[in-house]
Protein chains: 2
Amino acid sequence: MLNTQVTSKQSPSVPTIKDVAKAAGCSTATVSRALATPEKVSDATRERVNQAIAQVGYAPNIAARNLRRAESKTIVALLPDISNPFFSEIISGMEDVAHQAGYQILIGDCEHDPARAEAYFRLLSTNQADGIVLLTSEIPKTLIKQADGQADGQADFPLVMACEFFSDIDLPLIAIDNHQASCQAIDYLVSLGHQRIATLTGPAGNPICLERLRGYRDTLSVHGLIDQVCVAEGDFSFRSGFQQGLALLDNAQRPTAIFCHSDEMAVGVLKAARQLDITVPGQLSVVGFDNIGLSEYCDPELTTISQPRNEIGQQAMQSLLHLLRGERVIRRQTLSSHLIVRKSTGRVSG
Amino acid sequence: MLNTQVTSKQSPSVPTIKDVAKAAGCSTATVSRALATPEKVSDATRERVNQAIAQVGYAPNIAARNLRRAESKTIVALLPDISNPFFSEIISGMEDVAHQAGYQILIGDCEHDPARAEAYFRLLSTNQADGIVLLTSEIPKTLIKQADGQADGQADFPLVMACEFFSDIDLPLIAIDNHQASCQAIDYLVSLGHQRIATLTGPAGNPICLERLRGYRDTLSVHGLIDQVCVAEGDFSFRSGFQQGLALLDNAQRPTAIFCHSDEMAVGVLKAARQLDITVPGQLSVVGFDNIGLSEYCDPELTTISQPRNEIGQQAMQSLLHLLRGERVIRRQTLSSHLIVRKSTGRVSG
DNA sequence: GCTAAAAATGTAAATGATTACATAGCGCTC
DNA sequence: GAGCGCTATGTAATCATTTACATTTTTAGC
């Protein structure tokens with residue numbers, strides 16, 4: 001008689017739910033239930049199953065589970081540029097909540113390339129992702145329109161926005177009040193005696209920058225300074241801060257204060273001022289935005305607006321999880337920002 | 001007769017390979033082949049299949065594919081701290097290569113927590129990830145030991161290290177020569193006349209820091225300055241640079257130069273010097289490490305060591321892809337770093 | 001035009017888990 | 001002790017794709 005105990009599988013292949021069932025002396029259904037809905041299984045069986053799992057070293061095959069359940073337990077965090085430290089704390093907040101709920105975060109770095117954004121959106125339709133937290137408005141709007149095509153107006157498309165938003169598409173949003181934050185910064189500068197206040201925005205057309213710009217204009221208006229409006233456009237980077245800083249400052253009629261839409265641009269402006277021998281805050285006040293780690297360590301330390309980044313991330317993920325459970329979601333959650341006064345701002349010089 | 005044209009599925013559910021097969025008038029196997037191995041299908045059929053795919057709007061279900069192929073096309077990039085901008089460019093390099101080959105990058109932020117690292121390693125055994133690029137040595141070594149348990153000594157475990165490494169575990173590694181880079185920095189400082197040169201390292205025991213420390217010691221030794229060795233320990237952050245900077249500098253016998261193991265720590269040291277009214281580079285020279293974006297924008301601009309971060313990422317991913325294909329892999333790839341001299345270093349003052 | 005080899009295609013099993021449905025067992029009531 | 005309801009469990013279909021193997025068709029050589 002031949003050896004009937006042929007090794008049915010070549011190597012000690014990774015154990016499946018069948019192996020557990022065999023070891024526990026029950027069916028695969030019971031094992032599955034013991035894991036997914038322990039309360040539906042008798043104490044004795046549950047105990048046996050758990051021992052069997054430990055004994056054979058079982059770990060569920062997630063691809064199989066995902067296939068059957070038609071979900072991936074993966075959330076895409078879509079952002080414009082991973083090298084911007086602004087996002088890391090938001091991601092961190094998202095991960096806290098996501099991991100708790102058994103979800104993973106896939107970071108989608110668009111690098112300002114629409115094709116990348118599209119690729120990440122495609123993950124939704126191929127069941128590789130269950131939802132998206134959108135941290136940029138720099139993507140083709142068609143991606144959302146086609147995805148969001150619900151007749152009832154109330155999108156149940158699993159997408160929430162954080163920080164950034166679209167002016168013409170209504171999606172659940174977690175963000176600060178950019179208009180108000182901007183007003184606060186300009187008010188503060190005016191209170192220091194500044195009259196020629198410039199602002200250095202992010203990319204043209206970016207809705208949050210437009211909000212901030214509106215706050216800038218409104219506040220100047222309130223103080224009768226509307227004819228002093230002076231706007232330069234950057235892209236949030238050190239480099240654009242430096243370049244636009246030079247352009248704004250190398251000028252007899254130069255501003256006495258610059259309100260920047262990111263801390264990195266503010267640091268670029270600081271460098272431009274140094275190069276032109278303009279002292280900060282003596283001859284120039286600079287305000288940043290975001291309160292990234294650097295703002296405490298540059299010279300001079302940066303006056304800036306702080307966003308509750310971790311909380312934004314948490315809330316965004318929380319909202320998305322609600323959406324995924326089919327629950328209704330708050331359309332707009334506004335978290336509070338605040339102005340942090342450090343050393344880069346001062347009273348206007350004679 | 002009843003309406004036989006009952007909608008077999010409730011909603012216009014997402015099309016599967018069966019729908020394509022039906023539309024193209026062939027079997028699912030042929031459709032699958034037309035996609036995976038087009039050369040095995042006749043021109044006419046391939047054409048019909050492609051049209052059918054476009055017609056029904058088919059996209060393959062990845063979970064099913066992953067299950068069947070027992071792979072995930074996902075690579076984990078495990079790093080100690082996502083908020084460190086040093087990593088973003090490496091990730092970017094990894095993504096370029098990975099996407100080209102049809103792989104995704106899952107960023108695993110360990111946040112210095114071993115449990116997180118373990119969770120990401122578990123993705124391997126559950127088929128949720130195909131390989132790991134390890135960018136930190138701050139993980140429990142047992143994770144690798146148990147995973148790497150191959151008798152032949154030549155690990156075919158799908159893991160490569162980049163930048164960081166273990167002193168006692170031999171894994172494929174892509175990195176610069178930290179010892180040499182450190183020698184170069186110290187040599188340069190000595191050539192400027194410095195004798196009391198301190199070094200501010202990363203976390204104690206970190207192998208790359210030990211390498212750099214060795215270079216520091218060796219070079220001082222060569223110049224007969226071995227009795228001037230002065231070492232402080234940080235953790236790569238702004239904050240630790242500032243604190244250790246104060247400790248090193250608030251002292252009559254203070255060093256005239258500090259070699260920091262990260263740019264952020266160097267910027268922290270700059271702040272400490274400002275606070276103590278020590279001019280840089282007049283009374284103190286500072287050298288950083290990594291050449292992150294900030295180093296051109298701080299004051300003074302930072303002399304630092306540049307690592308080819310994008311290339312490191314590319315090579316690391318390339319090596320991992322080789323491993324995954326079962327090919328042999330270069331155990332150690334050393335890329336070249338170089339010293340970038342800016343404004344934070346100068347001749348020692350009388 | 002026949003045959004063998006090669007190419008193209010189809011059939012059906014397999015991947016590993018979940019779950020609708022069926023069934024068994026038990027305790028309880030009347 | 002028949003009937004009911006409840007819990008616990010098993011059976012087998014299902015998810016969407018890939019692929020070994022079988023079968024058919026085409027090509028080429030003579």
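Numbered from 1 within each chain, the chains take letters A, B, ... in sequence-line order. None of the values given here were measured: they were computed from a predicted structure.
Under the rule for a side chain to side chain donor-acceptor pair (under 3.5 Å), the partners of D81(B) that lie at least two apart in sequence or sit in another chain are S83(B). For N84(B), the side chain to side chain donor-acceptor pair (under 3.5 Å) criterion is met by no residue, not counting sequence neighbours. A search for side chain to side chain donor-acceptor pair (under 3.5 Å) contacts involving D96(B) returns R116(A), not counting sequence neighbours. Every residue two or more places apart in sequence or in another chain was checked for a side chain to side chain donor-acceptor pair (under 3.5 Å) with S88(A), and none qualifies.
If you check distances only, the side chain of R68(B) never reaches the base of dT17(D) with a donor-acceptor pair under 3.5 Å. Side chain R69(A) to base dA17(C): no donor-acceptor pair is found below 3.5 Å. Between the side chain of R65(B) and the base of dT17(D) there is no donor-acceptor pair of N/O atoms closer than 3.5 Å.
Rounding to whole angstrom units, CG of residue L67(B) and C1' of dC15(D) are separated by 9 Å. Whole-Å rounding puts the N61(A) CG to dA14(C) C1' distance at 13 Å. Nucleotide dA16(D) holds its P atom 9 Å from the CG atom of D19(B), rounded to whole Å. One atom, NZ of K22(B), and another, P of dA16(D), lie 13 Å apart when rounded to the nearest Å. Taking atom CD1 of I62(B) as the reference point, atom C1' of dT17(D) lies 10 Å away to the nearest angstrom. Rounded to an integer number of Å, the gap from NZ of K73(B) to C1' of dT17(D) is 15 Å. One atom, CD of E71(B), and another, P of dT17(D), lie 15 Å apart when rounded to the nearest Å. With rounding to whole Å, N66(B) atom CG is found 10 Å from dT18(D) atom P.
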Which side-chain N or O atoms in residues 71-80 of chain B pair as donor and acceptor under 3.5 Å with protein atoms at least two apart or in another chain?
{"from": "S72(B)", "atom 1": "OG", "to": "T74(B)", "atom 2": "N", "distance (Å)": "3.3"}
{"from": "S72(B)", "atom 1": "OG", "to": "Q128(B)", "atom 2": "O", "distance (Å)": "3.2"}
{"from": "S72(B)", "atom 1": "OG", "to": "A129(B)", "atom 2": "N", "distance (Å)": "3.3"}
{"from": "S72(B)", "atom 1": "OG", "to": "D130(B)", "atom 2": "N", "distance (Å)": "3.4"}
{"from": "S72(B)", "atom 1": "OG", "to": "D130(B)", "atom 2": "OD1", "distance (Å)": "2.9"}
{"from": "T74(B)", "atom 1": "OG1", "to": "S72(B)", "atom 2": "O", "distance (Å)": "3.1"}

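Contact annotation: the side chain of V160(B) never approaches that of V329(B) to less than 4.5 Å [non-hydrogen atoms, C-beta and beyond].
Taking 4.0 angstrom as the limit, S32(A) places a side-chain polar atom (N or O) nearer than this to OP1 or OP2 of dT18(C).
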Treat primed atoms plus P, OP1 and OP2 as sugar-phosphate and everything else as base, then score nucleotides 6-12 of chain D 5' to 3': B for base contact with protein heavy atoms under 4.0 Å, S for sugar-phosphate contact only, - for none.
-> --SBBB-
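In this structure, Y120(A) and H99(B) have perpendicular ring planes: the angle between them is above 60°, well past the 30° mark.
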